[in-house]
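Structure record follows, encoded as structure tokens.
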Amino acid sequence: QLQLVELGGGLVQPGGSLTLSCAASGSNLDAYAVGWFRKAPRKGREGVSSISSDGTETVYDDSVRGRFTISRDSAENTVSLQMNNLNPKNTAVYYCAADSRWHPTSPVPLRESFFDDWGQGTQVTVSS
């Protein structure tokens, strides 16, 4: 049974950087496509980025493309989200999610229904 835990959230100043990690236990995360989602106050949960199980295909929401980078670390069984040039609009609870149904090289659209397993989330606050 795959279990996911998000690590690395916290308070950061506008313009700063933060790296989130999605740590997996119970299964090899390399067998799963992984996505990052976020829920800001008074908004629905939205997709941020995803990575195929073989790591070759990535998808980014337009609002974060060029500032955020998703990557895998097979040795650590994690998927990270490097976030640069953060602004207050990026304040949200960030969730990682995984799904094993996708072809290893398929890019995965940023839709919640495409992911079966979810972590509990980590708070990211961007404020001066």
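Sequential numbering from 1 along the given sequence is applied to the chain's residues.
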State whether the number of non-hydrogen atoms from other residues, nucleotides or ligands found under 6.0 Å of Arg111 atom CZ is greater than 12. no

How far apart are the C-alpha atoms of Ser52 and Ser106, what are their side-chain angles, what is the distance that settles it, and do they pass the side chain to side chain contact (heavy atoms under 4.5 Å, CB included) test? CA-CA 6 Å; Ser52 60; Ser106 291; 5.8 Å; no

Give the intermediate values and the outcome of side chain to side chain contact (heavy atoms under 4.5 Å, CB included) for residues Ser53 and Arg72. CA-CA 9 Å; Ser53 62; Arg72 290 187 172 272; 4.1 Å; yes

CD (Glu112) and NZ (Lys39) are apart, to the nearest 0.5 Å, by 10.0 Å

Could you tell me if the side chain of Asn84 sits less than 4.5 Å from the side chain of Ser17, heavy atoms only? yes

Check Thr56 against Asp54 and note the closest heavy-atom contact, atom names and distance. OG1-OD1, 2.8 Å

Examine the side chains of Gln13 and Ser128 and answer whether a donor and an acceptor come within less than 3.5 Å of each other. no

Fellow cluster residues of Val12, listed by chain then number, with links counted only when side-chain atoms sit under 4.5 Å apart: Leu2, Leu4, Leu18, Leu20, Leu29, Tyr32, Val34, Trp36, Val48, Ile51, Tyr60, Val64, Phe68, Ile70, Val79, Leu81, Met83, Leu86, Tyr94, Val124, Val126

Contact summary for Glu6 and Tyr95, nearest pair of heavy atoms: OE2-CA, 3.3 Å

Thr78 side-chain N/O to Ser21 backbone N/O, donor-acceptor pair under 3.5 Å: no

Looking at Phe115 and Ser50, what are the two nearest heavy atoms and their distance? CZ-CB, 4.3 Å

Remaining members of hydrophobic cluster (4.5 Å side-chain criterion), Leu110: Val59

Are there more than 12 heavy atoms of other residues, nucleotides or ligands under 6.0 Å from atom CD of Gln120? no

Distance (rounded to the nearest 0.5 Å) between Ser100 OG and Asp116 CG: 7.0 Å

Mind telling me whether Trp102 and Phe114 have parallel, tilted or perpendicular rings, with 30° and 60° as the class edges? perpendicular

Which distance, rounded to the nearest 0.5 Å, do you find between the CZ of Arg38 and the SG of Cys96? 15.5 Å

Residue pair Gln123 / Thr125: nearest heavy atoms and the distance that separates them: NE2-OG1, 3.3 Å

